[in-house]
Every structure is written in structure tokens, then in C-alpha cells.
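Note: hydrogens, waters and symmetry copies are ignored here, and every other heavy atom, side chains too, is used. Chain naming here is simple, since letters A, B, ... match the order of the sequence lines and numbering starts at 1 in each.
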Number of protein chains: 2
Amino acid sequence: MEIDDRLHASGRRMTVQRRLVLEALQRARHHVTADDIATRVRARHPQIDPSTVYRNLEALEELGYVTHTHFDDRVTRWHRADAQRHGHLVCRSCGAEQEVPIGLLEPLARRLRDEHGFQADLAHSAIVGVCKACANVSSE
Amino acid sequence: MEIDDRLHASGRRMTVQRRLVLEALQRARHHVTADDIATRVRARHPQIDPSTVYRNLEALEELGYVTHTHFDDRVTRWHRADAQRHGHLVCRSCGAEQEVPIGLLEPLARRLRDEHGFQADLAHSAIVGVCKACANVSSE
DNA sequence: ACCACTATTGCGGCTCTTTGCGATAAGCAT
DNA sequence: ATGCTTATCGCAAAGAGCCGCAATAGTGGT
């Protein structure tokens, strides 16, 4: 189903602003912040308010078209929902980011579901820790 | 080792402000926001600036005396580092919070360590998902 | 007790994000 | 095309957190 139809089906409207946010997200490969998007959109259309970008990301997320992930610097990053789902590892020492297959996180998700009835979304927040490189340095 | 000594050993000083932040954290049982602390401290000592509280929490964290955890709302919560470590489950639908024993998260941490050399701190960010109650409601 | 050194503070200001509100403009019916 | 309803927008302001800077005050040495 087309984006426009999905918007309409949920009682929303397609606006110029909405389309621009969407396009910016299409072009962005991965993990961009709302501020990034706002900056890109405003580069060509300065009259568009940042808050509009934030609100549109939210709307598009409710529609299931985009998703956000929390990284450690408490910055939210957005990407298209059709991208391959994956977990994120972030090093608290050097900031390096690494992606891991979602399957790796599955066992924990299953256990939380079985033992607590909790349907965890383990890709929603990055996993913070110390990466291999930094661990080696600090143990020398 | 006493807090004062640890401070000195790291080239820091013990100040009135530092002590007040520390005391506020002692009294607070769990998971308070920096703003909570600031408000409590400022109730009796209005001249203490909020930014000082933020800086002190950071300093005390580097010392290993306090820790912070990210919940799903973008507010960071702090607690004493000597408290029992545990994971957090947060429902994205109703906001309910639940604690789970850290042991539950261990298998994943071990796997990340073994397969990626990554020392994960799985208690650092809350795990977001849908709690049992909300899952039941939405499936009815 | 006094000094010098510098960690820390309070203040002002700035960034990123969210929210309230009146104005604007999609999308539907006529 | 025209009007109506109301989703959405732009703007202003607030909230959370951070940072630079000049003034203040712990600390260790004399």
C-alpha cells in the first residue's frame, strides 16, 4: 500500500512538509537524528519549523513507516522501518557503534516473554558497554 | 575506602555542594532524576545552581559512586552504585516499570563478550516493550 | 596562620526537543 | 469551484542538559 493511502486510512493528510521529511529519510541511509533531517529539509525550505519535522517523524512512526532507536548519548536516531532490523552496540569509551543480528538478541527476548509476559523490543535501545579495542587498551 | 579519600585520590575536592548531592542521593531510594536532586538540594540551598548538580553527578559517577540508567522517556535517572544491580523493563504502552534480576540478562552479556569481545552493560538502558497487561488488552 | 595553585561554583547563554496556541490549508461534500 | 471541518503548521516558550568564563574556595606547602 502506498504511503498516501496509509496516511488517508489513518485520517491523516499528505502535506508538503510530510513529503519532504519522508524524502529526506529516503535519502539518508541510516540512523539520522531528527535534527539532521530538520537541517536538511530547512536547507531548501527554511520556512519549515523544526517542530514540524519532529511531529512528522512521530506521525510517520505511528504509521509504521519509520522507527527510532535510542543511542547512548540520549540522542534519538531515525531510519526507515523497512530496513533490516538489527541490534546496536555502542562503546561508552570510544563511541564506536556496531550492529549485531537481531537473532543474537532473540534468546533474551524469548525468555522475557516466557517468564514475564513482556514483549521486548531489543533493537529499540542500543546496548552500551566497552568494545573489544577499548577493553584491550585499558587492560594493558 | 571513604568517599573523601577516593575524591582526593582522583585529584578532586570535597565541597559543600558535592556533599549535598551525595546526601540527597543517599536519601533517595532509587532512580531519581538529576532535576529531582537539584530540586531537593535547592529547597534548602537555593544558591546552588542546577548545573552544579549535573556536574557533580557526573564527577561522582566517574568515581564509581553513582550510576545512571536511561529509561524510555529521555530523562536520565540516577542511583547509588552500591545498590543491587538489576535490569529494567519499561512498557511503551502504559509506562509501567519492572525490575528483573541481572542474572536474566547474563546469557546475552556472555554471548556478546564471547562472540564480539563486547562487555555489555545491560542494566544501563531500560528494555522497552509491551508489558503483559497491555499485551492482553490489545489482543482482546 | 598565610599563600599559591587550581578544582569547582554560579551565572549566562546555548542546543536539542517538546508542547500550547492561533492561523493555515488538506480533503470531503455540495 | 466554494465552503466546511479539522489535521497540520509556524511560532513562541518551556524543559532538560551542557558549556565557557570569571569569581570562589578547597588543599598542600611554608
Side-chain angles (χ1 to χ4, degrees), chain A residues 2-22 24 31-63 65-66 68-78 95, chain B residues 2-22 24 31-63 65-78 92 95:
Chain A
E2 280 304 313
I3 269 281
D4 285 50
D5 300 325
R6 279 200 266 176
L7 277 170
H8 291 151
S10 68
R12 287 171 219 273
R13 300 168 183 173
M14 177 50 88
T15 63
V16 185
Q17 294 81 343
R18 200 100 90 193
R19 195 182 312 282
L20 287 168
V21 169
L22 214 36
H31 304 324
V32 283
T33 66
D35 194 51
D36 286 339
I37 304 264
T39 303
R40 292 180 201 199
V41 170
R42 283 161 60 79
R44 292 188 171 284
H45 306 267
Q47 75 283 9
I48 293 181
D49 196 80
S51 69
T52 297
V53 173
Y54 283 91
R55 280 190 280 228
N56 275 323
L57 285 171
E58 219 174 293
L60 293 171
E61 175 165 54
E62 274 169 34
L63 227 87
Y65 202 75
V66 308
H68 72 265
T69 301
H70 297 290
F71 282 72
D72 190 38
D73 45 12
R74 86 191 91 16
V75 174
T76 302
R77 310 235 205 119
W78 302 77
Chain B
E2 281 304 312
I3 269 282
D4 287 49
D5 300 325
R6 277 200 268 176
L7 277 170
H8 290 150
S10 68
R12 287 173 221 272
R13 299 168 183 175
M14 176 50 87
T15 64
V16 186
Q17 294 81 342
R18 200 100 91 191
R19 195 182 310 282
L20 286 168
V21 169
L22 214 35
H31 305 324
V32 283
T33 66
D35 194 53
D36 286 338
I37 305 263
T39 304
R40 292 181 201 198
V41 168
R42 283 162 61 79
R44 291 188 173 283
H45 306 268
Q47 76 284 7
I48 293 179
D49 197 80
S51 69
T52 296
V53 173
Y54 282 94
R55 282 189 280 224
N56 275 324
L57 285 171
E58 218 174 295
L60 292 171
E61 176 165 54
E62 274 171 35
L63 227 88
Y65 202 75
V66 309
T67 314
H68 71 267
T69 300
H70 297 291
F71 281 72
D72 193 36
D73 49 24
R74 66 220 131 306
V75 177
T76 302
R77 310 234 210 121
W78 301 77
R92 64 155 46 109

Original post:
Can you find a heavy atom in the side chain of B/L57 that is under 4.5 Å from one in the side chain of B/V21?
Top reply: yes

Original post:
Between B/E62 (CD) and C/dA7 (P), how many Å, whole number?
Top reply: 13 Å

Original post:
OP1 or OP2 of D/dG10 sitting under 4.0 Å from any side-chain N/O of A/Q17?
Top reply: yes

Subject >> d(CG, B/L7; C1', D/dA25) in whole Å >> reply: 15 Å

Original post:
For B/A34 and B/V53, which heavy atoms make the closest approach, and how far apart are they?
Top reply: O-CG1, 3.9 Å

Original post:
Starting at CZ of A/R77 and ending at C1' of C/dC16, how long is that distance when rounded to a whole Å?
Top reply: 14 Å

Subject >> Separation of atom CZ in A/R19 from atom P in D/dC9, rounded to whole Å >> reply: 12 Å

Original post:
Within a strict 4.5 Å, meaning less than it, do heavy atoms of the A/R13 and A/L7 side chains meet?
Top reply: no

**OP:** Measure from NE2 on B/H70 to P on D/dG17 and round the result to the nearest Å.
**Re:** 10 Å

**OP:** Report yes or no: is the cationic atom of A/R77 (NZ for Lys, CZ for Arg) closer than 6.0 Å to the six-membered ring centre of A/F71, at no more than 45° off its axis?
**Re:** yes

Subject >> Nucleotide D/dG17, atom P - distance to NE2 of B/H68 in whole Å >> reply: 10 Å

**OP:** Using a 4.0 Å cut-off on protein heavy atoms (strictly under), produce a 5'-to-3' string for nucleotides 17-25 of chain C with B for base contact, S for backbone-only sugar-phosphate contact, and - for none.
**Re:** SBBBB---B

Original post:
Taking the side chain as C-beta and beyond, is there a heavy-atom pair between A/R40 and A/D35 under 4.5 Å?
Top reply: no

Original post:
Considering the options B/R6, B/R12, B/H8, which one meets the side chain to side chain donor-acceptor pair (under 3.5 Å) requirement together with B/S10?
Top reply: B/R12

**OP:** Would you please confirm or rule out a distance under 4.0 Å between OP1 or OP2 of D/dC9 and any side-chain N or O of A/T15?
**Re:** yes

Original post:
Looking only at heavy atoms, what is the nearest atom pair of A/I48 and A/L20, with distance?
Top reply: CD1-CD1, 3.4 Å

**OP:** Using atom CD of B/E61 as one end and atom P of D/dG17 as the other, report the distance to the nearest whole Å.
**Re:** 13 Å

Original post:
For the side chain of A/R12, counting heavy atoms from C-beta on, which of C/dG10, C/dG27, D/dA7 is nearest?
Top reply: D/dA7

Subject >> Rounded interatomic separation in angstrom, taking NE2 from A/H45 and C1' from D/dC9 >> reply: 15 Å

Original post:
If each of A/N56 and B/W78 is mapped to the nucleotide of DNA chain D with the nearest heavy atom, which maps nearer the 5' terminus, i.e. the 5' end?
Top reply: A/N56

